[in-house]
Protein chains: 2
Amino acid sequence: MSTKINPDLQKERDQCTFDVTELTNLIDGGVEKTEERKKREEMALKENIHNDDVPSVYLSHKEKYELAVKKACLLFKMIRKLQEEENAGMENYMAVLGGNLGSAILSDGCPLTLHYVMFIPTVMGQGTVEQQAYWIGRAFNLDIIGTYAQTELGHGTFIRGLETTATYDPSTKEFVLHSPTLTSYKWWPGGLAHTANYCIVMAQLYTKGKCHGIHPFIVQLRDEENHMPLPGIKVGEIGAKLGMNGTNNGFLGFDKVRIPRDYMLMKNSKVLEDGTYVNSPSSKLTYGTMMFVRVMLVNDMCNYMAKAVTIATRYSAVRRQSQPKPNEPEPQILDYVTQQHKLLIGIASVYAFRTSANWLWLMYNNVTAELEAGDMERLPELHALSCCLKAASTADAAACVERCRLACGGHGYMLSSNLPITYGLVTAACTYEGENTVMLLQTARFLVKAWQQAVSGNTLTPTVSYLGDLRNGRRSPPWDNTIEVIIAGFQRVAAGKIGQCVAQIEKRQKSGMSYEDAWNMTSVQLTSASEAHCRAILLATYFQETEQRAGGVSPALRRPLRQLVDLYVVYWALQTLGDLLRFTSISERDIEQLQNWYEDLLVQLRPNAVGLVDAFDIRDEILNSTLGAYDGRAYERLMEEAMKSPLNAEPVNKSFHSYLKPLMQGKL
Amino acid sequence: MSTKINPDLQKERDQCTFDVTELTNLIDGGVEKTEERKKREEMALKENIHNDDVPSVYLSHKEKYELAVKKACLLFKMIRKLQEEENAGMENYMAVLGGNLGSAILSDGCPLTLHYVMFIPTVMGQGTVEQQAYWIGRAFNLDIIGTYAQTELGHGTFIRGLETTATYDPSTKEFVLHSPTLTSYKWWPGGLAHTANYCIVMAQLYTKGKCHGIHPFIVQLRDEENHMPLPGIKVGEIGAKLGMNGTNNGFLGFDKVRIPRDYMLMKNSKVLEDGTYVNSPSSKLTYGTMMFVRVMLVNDMCNYMAKAVTIATRYSAVRRQSQPKPNEPEPQILDYVTQQHKLLIGIASVYAFRTSANWLWLMYNNVTAELEAGDMERLPELHALSCCLKAASTADAAACVERCRLACGGHGYMLSSNLPITYGLVTAACTYEGENTVMLLQTARFLVKAWQQAVSGNTLTPTVSYLGDLRNGRRSPPWDNTIEVIIAGFQRVAAGKIGQCVAQIEKRQKSGMSYEDAWNMTSVQLTSASEAHCRAILLATYFQETEQRAGGVSPALRRPLRQLVDLYVVYWALQTLGDLLRFTSISERDIEQLQNWYEDLLVQLRPNAVGLVDAFDIRDEILNSTLGAYDGRAYERLMEEAMKSPLNAEPVNKSFHSYLKPLMQGKL
C-alpha cells in the first residue's frame, strides 16, 4: 500500500467510528482465519505470477490463452511446491483457485481449474476404490490433466436431454462413445479445447439395447506425449466470449471412440462384463456435487460484490463533481444521496449473502452427514434453498456489480476499473450451474409441495414452517415498522404468493388444462413466489445471525452492523411495496416512515462507508482496479494504465500511412 | 437469406396471422422509406467492408484499432463516392454511421464518427460565417479529420467543472490552451487518440483576467503531413474498454499551446482583438445539440433492442429444451411462459420507444423552429422530456438486451451471438450524453417547478397538464382494468410522487435544511417521481399514437399491434403495483385480473412472436448473430464461427510444449 493516501480518502478513514480490523476478523471468522488468509495471499502473490508485462486486455484471443496456460502452470507448480512443503490438502488448491485470489492471478479464467474442481472430485465421488487408486494419484501429480464434459451444444441445464451415447460392447468389453448429431457435441467445458488430455464425459449409457440414462466415463482425448487429439476425437475451442477467454472452453465430438469397460466410473451404478446393468443405490447421491457447487457459488458472489463495492465506494470518496451550492467546493460524489442509495445496499448485500452462505454451508454439511447415515429427509429442503439462493445471489450480484460500475460514470467502462471484467464473471454464474429461471422454478416445486403438505396438516421443515403457521390461520402481527414485523411481512408475502399460485394452478386444471400446462401458464407467478420465499429467508437469516453474534462484537462495531441489517430490510421493503400492500396491513403512513427511515440510514452509514469496504481487506493486487486502490490515486492510476496500451508505444500508428493519409489526400 | 430454413422457424412464419411486409413498411414510415433503407443497406454492404477475414473479436487491442481505421476509411471513401454520384446531403453519412448499419460494419466502433457527428455540426452551429467557410469545406472534403473534446479525466456530465483553460493574450492575438492539472486532461473523445489531427476543445475562456465559462476552440493536434503530435500537445489513447475498442478514445493535455484568435468559434460569444468579451445572445441555444443527440439516442436504443429481441426470439423458436410432459418431444423454449415473459415485453418496448422517439422528434423540430423565431417557451419541457426519455430508453434497452442474452442461455455469452457486444454499446449510453441519474434529476427539477406552477394556478405545458388537473381536484376515474384508466393511474402515480417530493422538501426546509440539502435528501424519491412521469408519458404516447394510426392499418395487423400496447401497459402496471396501490383505487381483484390478462396476452402474442421480429427486417449481415439468423441454423453457425478462432487453426498450441508438458513431467 502506498504511503501517499488521497486526502479525501484519509479523511473518511479518520472519521470511521469502528475498528476496521475487528470487522475484518469477524468477516474472516476469527483473527487466526485472517492471518491464514493473509499468509495465503502473500504466498500466492509473492512470485508475481499475477503481474503481466502487457495487461492481458491488450492481447489477442490466442495470446490470452497462451498467457493463461503459462500463468496456470506456474501457479500449479507453486501450489504443488507448497503442498510438498506443508503437506496440506485440497483446501489450498480451492482457496487459491477460487474467489478473488484466483481471479486476480488469472483474470481471464484458468484453463486448469476443472482439473481440480470437477475432474478429481468426480473421480473421488463416483469412482470405485480401484478407480480412485488408479486415477487420483496420476491426477494429483499432474501426470494427466482432466476436465469434465457435461453440457452439449443442444443441451445445458436439462441433463436428461444429453445426446452423447456410450454403448457397451460385451464382445470387446468396451464402451463406444459417440456423438450422433451436431447438437450432441460437448460444448463449454473449461480446459477442454487445447489443455486437458483426459476428460470425464457424461453420456447416455446403452447396454443390452436399453438406455439407462446419464453416466460418467473417463476418456483420453490427447496423446500424453505429443498432445495430438486421438483418433475419433474432434476437439477444439468454442470461440470468443463475453469474459473468461483464458478458460479454454471447448467442444468435443466422438466418432465411435472405444474405451475400456473400467473407464466408466462405477461407484454407484455398474455395467458388468456381460453387459448387465446394476442400478445405483440412490440416484439422489449425485445431487451432492451440484449442491456443493451452488453453495460455493453464493460465497463467490459475495467476493465479487465485495470487490465491486470496494472499488465504487473508494472512488466515490475521491471523485468530486458538480456544485449544488454556489461558492462551495464540488462535493465528494459519496455525499449525493442517490450515490449512497446505489452503494450502501451493495455493501449490505455482501454481508447479507455472506451470512446466508455460511448458514447454507452449515446446513449442507449437516445434510451431507445425515445422507451418509441414510437419512434423506432434509435433502429436498436443502436442494430448494441452494436453487433459489443460487439464483438470487447471482442475479443480485450481477445487478450490484453493474450498479457499481455505472456509479463510477464513464471510467467504470474502462477495463482498468476491473468492474467490466468482474461483471463478466458474475453474469456467467446466472447461467451456469443451473439457469436462474429454472432454479427458481425448482424451488417453486418444493414450495407448492410444502403448501400442499401444510394444507394436509403435515409438519413442515424449518425454512418453510412459516407456510404452515400462516396457512393454519396464525394471525400475522399488526404492522409496525420494526425489523421483526417487516420480516414477518415478507413471509406473509411469500405464503400469499405461493397460495395464489396453487389456487391458480388448480383453477386452470379445473378448466381442463393438464397440470403441466397449468404450471407453465402460472410460471411467471411461480418464479415470483420463489423469489419472495428467498427474500424472506435472506432477511430472516441475516437479521437473526447478526443478532446472535452481536454479543461478541464491540458496541462501536455493533452499531453499523445493525444499521446495515436495517438498511437491507428497509431497502427490500421499499422495493417490494406492492407485495407488502397486497399481503400485509402496511399503511401509507408506514410507507412514508420507511422511506424516511431509509434516508436516515443512508446518512448514518455514510461516514462509515469507506471503513465498511476497507474491512473486506482486499489487497490492491487482488482488487486490481485503477479506481479502487487503497491509496485513492484513481486519476494517476488511470493515466498510468493508459500508458501501458501498446497503441501508446508509438506516436503515429501505421494505419495513418496505409489508410488515413491516402483518404485525406483523395488517393485511397 | 439461405434457402434452407429451420423447420421450427418456418412453422412460426407459416402461422403468423398478419402481413410482415405491411408491418415493416409501417415501422419504416411507408413503402418508399423501406425501399430507401434497403437500397442504403445494399449499397453499404455490397463492397463487403463489413466482412473480416478474422473476426475482430480474435484480434489484439491494437489490431482492432488498425482494422477499424481501415474499415472506416474504406467506408468514408464509399460514402464520398456516393455523395458525388448522387449529390446527397448529410443524411447519408448519418444513416450509414448511426444505428444498426454502422455498428454492423464497424462492430468495435468507428474512429471517424465524431468528425461528422460532432466536429462538423459544431463548426456549423457555433462558427461564424467566415469560420464555416474556412473549415467546413476542408472537413467535408476530409482534408482534415476532427473530433470534439469536452469531457476530462476529472469531469463528465458537469460541464461547468471543466478545468482546461483558454487564456487570451492580446499582445499576440492568440489563445493559450493549457491543462493546469492531471484531472484537466481531456479524456474519452472518440478518434482523439491516434486518428484526428484537429479537434474542437471546450475550455474555460479567460480574458482580461476574468473567466467567462466554457467556449469552443479549434486546435490542431497533429502535423497534417506526418501526423506527429504538435509541440505542447500530449495525446494518446485511454486504454481498453468494455466495448467500442475501435473508437480510439483518447486523452489530450496542453502545455501552453497557442492558437490564433479566430480559432475560437464565435457565432454566439466573441472575444475582440483587444480581449473584450462580447456575450452570447442566448446561452440556451447551445442546448440544441445536446437535445438533438439525446433525441437520436432514443431511436438508437430501439435499433439495439430490435436486434436483441430478433436474436433471442428466433433462437427461442429453434431451441428445444426439457421435457415437462413424459413421452412428448422437448418443447421450443418459446413455449415456456417465462420465456415469453422475457421476450415479448422486449418486442413491445421496441414499438413503444420507437413511437415515443418519433413523437419526441416532431416536438424537437417544432421547438427548434419556435426557438429560431425567438420563442423559448417550450424549451424547458422539451429539455425535461429529452432527459427522462434518454434515461428510460437507455436503462430499459440495457435491461432488455441483457434479458435477451440471458434468455439464450450459455450461448448468449458467446460473442458470436452478438448480444454481449450489443450490450456493450447500449450500456455505454446509460452514461454518455448525460448520466442517467443526473438526467432523471434534471427532469425532476422541471416537474417540481411545474407542480409549484399548478399550485399557483398557472396553466401547464401539455406533457405535465395532468399535474394541474389532479392538483386542482379533478377526480381520477374509479379504477377499472382498461388501458385508458391504467394510463390515468400512471399519471396519478406521477403526480402523487411529485407532490410527496415537494412536501418532503418543504418539510425538510422547515426543519432548518437548506434547499439544496433538502433536495439531496429527497433525491432518491425525486428520481422515482421522474421515472414515474416518464412511464406515464411512454404509455400514453404509445397508446394514443397506435390508436391514431390504427385506421391506416389492416385489421389483421391491427390486432397484434393493439395486443402489444395492452401487453406493454399491463406489464408496467404489474411492475409498479406498489405505486398503483398507493395512489389509485386498484383492488386485489383488479390485480388478479391484470395478472391473468397479462398471461392471456402472452398466449395470444406467442404465435406472432417471430413475425413481429421478422418485421424489423434486420438483414443477417446487420444482425451478425450465430443465434439469430433468418434461417435459424443456430447450431451450425455456432460451430462454423468457432472454427474461425485462430486457436483452432492448430491441433496443438505451442503452450503445450513450453508449459503444460514440462508441468506434467515435473520439469517446469
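Numbers restart at 1 for each chain; the letters A, B, ... are given by sequence-line order, proteins then strands.
The contact between B/Asn226 and chain A is made entirely by backbone atoms, counting heavy-atom distances below 4.5 Å. Contact of B/Gln323 with chain A is made through backbone and side chain together, with heavy-atom distances under 4.5 Å. Heavy-atom distances place the side chain of B/Arg405, and not its backbone, under 4.5 Å from chain A. With a threshold of 4.5 angstrom between heavy atoms, A/Glu599 approaches chain B through its backbone and through its side chain. For A/Ile421, no part lies near chain B; criterion is any non-hydrogen pair under 4.5 Å. With a threshold of 4.5 angstrom between heavy atoms, B/Pro651 approaches chain A through its backbone and through its side chain. For B/Glu588, the part sitting under 4.5 Å from any heavy atom of chain A is the side chain, from C-beta outward, and nothing else. Only the side chain of B/Arg508 has a heavy atom closer than 4.5 Å to any heavy atom of chain A. The part of B/Phe251 that comes within reach of chain A is its side chain, from C-beta onward, which places non-hydrogen atoms under 4.5 angstrom from that chain. For B/Ile145, the parts lying under 4.5 angstrom from a heavy atom of chain A are both the backbone and the side chain. Looking at B/Thr151, neither its backbone nor its side chain comes within 4.5 Å of chain A, counting heavy atoms on both sides. Only the side chain of B/Glu402 comes within contact range of chain A, with heavy atoms under 4.5 Å apart. Only the side chain of B/Asn197 comes within less than 4.5 Å of a heavy atom of chain A; its backbone N, CA, C and O stay farther away. Using a 4.5 Å cut-off between heavy atoms, B/Val603 contacts chain A through its side chain alone, with no backbone atom that close. With a 4.5 angstrom heavy-atom cutoff, B/Tyr423 touches chain A only via side-chain atoms. For B/Thr183, the part lying under 4.5 angstrom from a heavy atom of chain A is the side chain only.
Within a 6.0 Å sphere centred on NZ of B/Lys661, heavy atoms belonging to other residues, nucleotides or ligands number more than 12. Residue A/Lys342 places its NZ atom among more than 12 non-hydrogen atoms of other residues, nucleotides or ligands, all under 6.0 Å distant.
For the residue pair B/Gln504 / A/Gln595, no side-chain donor-acceptor distance below 3.5 Å is found, with atom types taken as modelled.
Considering every non-hydrogen atom in both A/Leu406 and B/Thr427, the closest pair reads CD2-OG1, 4.0 Å. Closest non-hydrogen pair, A/Arg319 versus B/Leu153, comes out as NH1-O, 3.6 Å.
Formation of a donor-acceptor pair under 3.5 Å by the B/Lys325 side chain with backbone atoms of A/Glu516 is not found in this model. Of the possible polar contacts, none joining the B/Tyr659 side chain to the A/Leu67 backbone as a donor-acceptor pair under 3.5 Å is found. Not one N or O on the side chain of B/His61 forms a donor-acceptor pair closer than 3.5 Å with the backbone of A/Ser645. The backbone N or O of B/Gly154 lies less than 3.5 Å from a partner atom in the side chain of A/Gln321, making a donor-acceptor pair. At distances below 3.5 Å, not a single donor-acceptor pair connects side-chain atoms of B/His194 with backbone N or O atoms of A/Lys654.
The most heavy-atom pairs under 4.5 Å with chain B, out of A/Leu581, A/Val57, A/Thr431, A/Asn653, come from A/Asn653. Of the listed residues (A/Val652, A/Thr437, A/Asp579), the greatest number of heavy-atom pairs within a distance under 4.5 Å of chain B belongs to A/Val652. Taking A/Glu63, A/Met643, A/Lys77, A/Lys70 one by one and counting their heavy-atom pairs under 4.5 Å with chain B, the maximum is reached by A/Lys70. Of the listed residues A/Tyr515, A/Tyr336, A/Trp519, the one with more heavy-atom pairs under 4.5 angstrom with chain B than any other is A/Tyr336. When each of A/Leu74, A/Leu638, A/Thr527 is scored by its heavy-atom pairs under 4.5 Å with chain B, the top score falls to A/Leu638.
Not counting sequence neighbours, the partners of B/Phe656 by the ring-ring contact (aromatic ring centres under 6.0 Å, His included) test are A/His227. By the side chain to side chain contact (heavy atoms under 4.5 Å, CB included) test, B/Gln575 pairs with B/Tyr571, B/Trp572, sequence neighbours left out.
Ion pairing of B/Lys507 with A/Glu592 is absent here, as no side-chain N (NZ or NE/NH1/NH2) approaches a carboxylate O to less than 4.0 Å.
Between B/Trp188 and A/His411, the two ring planes are parallel [angle under 30°; tilted spans 30° to 60°].
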